[in-house]
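Right, one structure below, let's go through it.
The model shown is predicted, which means the values in this text are computed figures rather than measured ones. By convention here, the first residue in the shown sequence is residue 1.
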Amino acid sequence: MGSSPKKTNLQRYLSQLQQHPLRTKAITAGVLSGVSDVVSQKLSGIQKIQLRRVLLKVIFAGGFLGPAGHFFHTYLDKFFQGKKDTTTVAKKVILEQLTLSPLNHLLFMIYYGVVIERTPWNLVRERIKKTYPTVQFTAWTFFPVVGWVNYKYVPLHFRVILHSLVAFFWGIFLTLRARSTTLALAKAK
């Protein structure tokens, strides 16, 4: 008689986000990163999905990117007292682009080279010296717009989710770009 209507998946997700924000954002970041990598592998022509690589990307996103984003956005909102005026939003975007963005890219490049590819540190360091500036400058042409939308219009509890969705496509872009660079270098030899 007194049965409550069944919750939809979205309602259950939103409930988890409300009750367990850190865990939900970490899991969401991990899942989206894993799916992004599967799509990247397929689009780049890999015939058999490299499950180890997918799992390691899930671990990085769920263990670092999701939680780091959660704490960063929470701190920023407290520091700026939840303000969304143009000046405050600009300050938040600048802070994010000068701190979290470079750190995320640098740590991911180290993790990818050392852990995922099992490349010796000296080679990873050389690759980072050559490619990190381009990756970061490319990110700075795109992610400030994402940050602006995020800080101006998106409620705090959804910011990491939006960023993870955008990162889904960013990961695909970076993978395809790296693949085309590798193919061009191989052709040139």
When you compare the side chain of [Y] with that of [X], does any pair of heavy atoms fall below 4.5 Å?
{"X": "L51", "Y": "L55", "result": "no"}
{"X": "L103", "Y": "T99", "result": "no"}
{"X": "V58", "Y": "V31", "result": "no"}
{"X": "T119", "Y": "R127", "result": "yes"}
{"X": "E117", "Y": "L56", "result": "no"}
{"X": "Y111", "Y": "I59", "result": "yes"}
{"X": "V114", "Y": "R118", "result": "no"}

Please answer: with hydrophobic residues joined when any side-chain heavy atoms are less than 4.5 Å apart, are [X] and [Y] in the same cluster?
{"X": "V38", "Y": "F169", "result": "no"}
{"X": "F79", "Y": "L100", "result": "yes"}
{"X": "L76", "Y": "F158", "result": "no"}
{"X": "L162", "Y": "L156", "result": "no"}
{"X": "I27", "Y": "V160", "result": "no"}

Which distance, rounded to the nearest 0.5 Å, do you find between the [atom1] of [X] and the [atom2] of [Y]?
{"X": "Y151", "Y": "L95", "atom1": "OH", "atom2": "CG", "value": "8.0 Å"}
{"X": "K83", "Y": "K91", "atom1": "NZ", "atom2": "NZ", "value": "8.0 Å"}
{"X": "T74", "Y": "R159", "atom1": "OG1", "atom2": "CZ", "value": "9.0 Å"}
{"X": "N104", "Y": "F60", "atom1": "CG", "atom2": "CZ", "value": "6.5 Å"}
{"X": "K42", "Y": "I172", "atom1": "NZ", "atom2": "CD1", "value": "14.0 Å"}
{"X": "I128", "Y": "L123", "atom1": "CD1", "atom2": "CG", "value": "11.0 Å"}

Where the side chain of [X] meets the backbone of [Y], is there a donor-acceptor pair that is under 3.5 Å apart?
{"X": "S101", "Y": "E96", "result": "no"}
{"X": "K152", "Y": "K84", "result": "yes"}
{"X": "R52", "Y": "I116", "result": "yes"}
{"X": "Q81", "Y": "K78", "result": "no"}
{"X": "Y75", "Y": "H70", "result": "no"}
{"X": "T24", "Y": "H20", "result": "yes"}
{"X": "S33", "Y": "A29", "result": "no"}
{"X": "S44", "Y": "Q41", "result": "yes"}
{"X": "Y132", "Y": "M109", "result": "no"}

Query raised in the report: How are the rings of W170 and F143 set relative to one another: parallel (under 30°), tilted (30 to 60°) or perpendicular (over 60°)?
Result: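 Rings of W170 and F143: perpendicular, as their planes differ by over 60°.
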
Report task. Take L22 and F71 through the side-chain contact (heavy atoms from CB on, under 4.5 Å) test and state the conclusion after the steps. Result -> CA-CA 8 Å; L22 177 59; F71 289 115; 3.8 Å; yes

Requested in this report: Apply the test side-chain contact (heavy atoms from CB on, under 4.5 Å) to residues F173 and T138: give CA-CA distance (whole Å), side-chain angles for both, the deciding distance (0.1 Å), then the verdict.
Outcome: CA-CA 11 Å; F173 166 76; T138 304; 4.0 Å; yes

Query raised in the report: How about Y153 and W148: are their ring centres within less than 6.0 Å of each other?
Result: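 That pair fails the under 6.0 Å test.
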
Please give me the minimum heavy-atom distance between [X] and [Y], naming the atom from each residue.
{"X": "G171", "Y": "S40", "answer": "O-OG, 3.8 Å"}
{"X": "V166", "Y": "F142", "answer": "CG1-CE2, 3.5 Å"}
{"X": "H105", "Y": "Q136", "answer": "ND1-OE1, 3.0 Å"}

Report task. For N9 and R12, run side-chain hydrogen bond (donor to acceptor under 3.5 Å, both in side chains): C-alpha distance rounded to whole Å, both residues' side-chain angles, the deciding distance at 0.1 Å, then the answer. Result -> CA-CA 5 Å; N9 287 336; R12 281 194 291 277; 2.3 Å; yes

Query raised in the report: Does a side chain donor of either S15 or Q19 reach within less than 3.5 Å of an acceptor in the other side chain?
Result: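 Yes - a donor-acceptor pair under 3.5 Å links their side chains.
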
Report task. Indicate whether the side chain of T28 and that of Y13 have a donor and an acceptor atom separated by less than 3.5 Å. Result ->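 On atom types as modelled, these side chains qualify, holding a pair under 3.5 Å.
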
Requested in this report: May I ask you to say whether D77 pairs ionically with K92, meaning some side-chain N is under 4.0 Å from a carboxylate O?
Outcome: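 Between K92 and D77 there is a salt bridge, with a charged N closer than 4.0 Å to a carboxylate O.
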
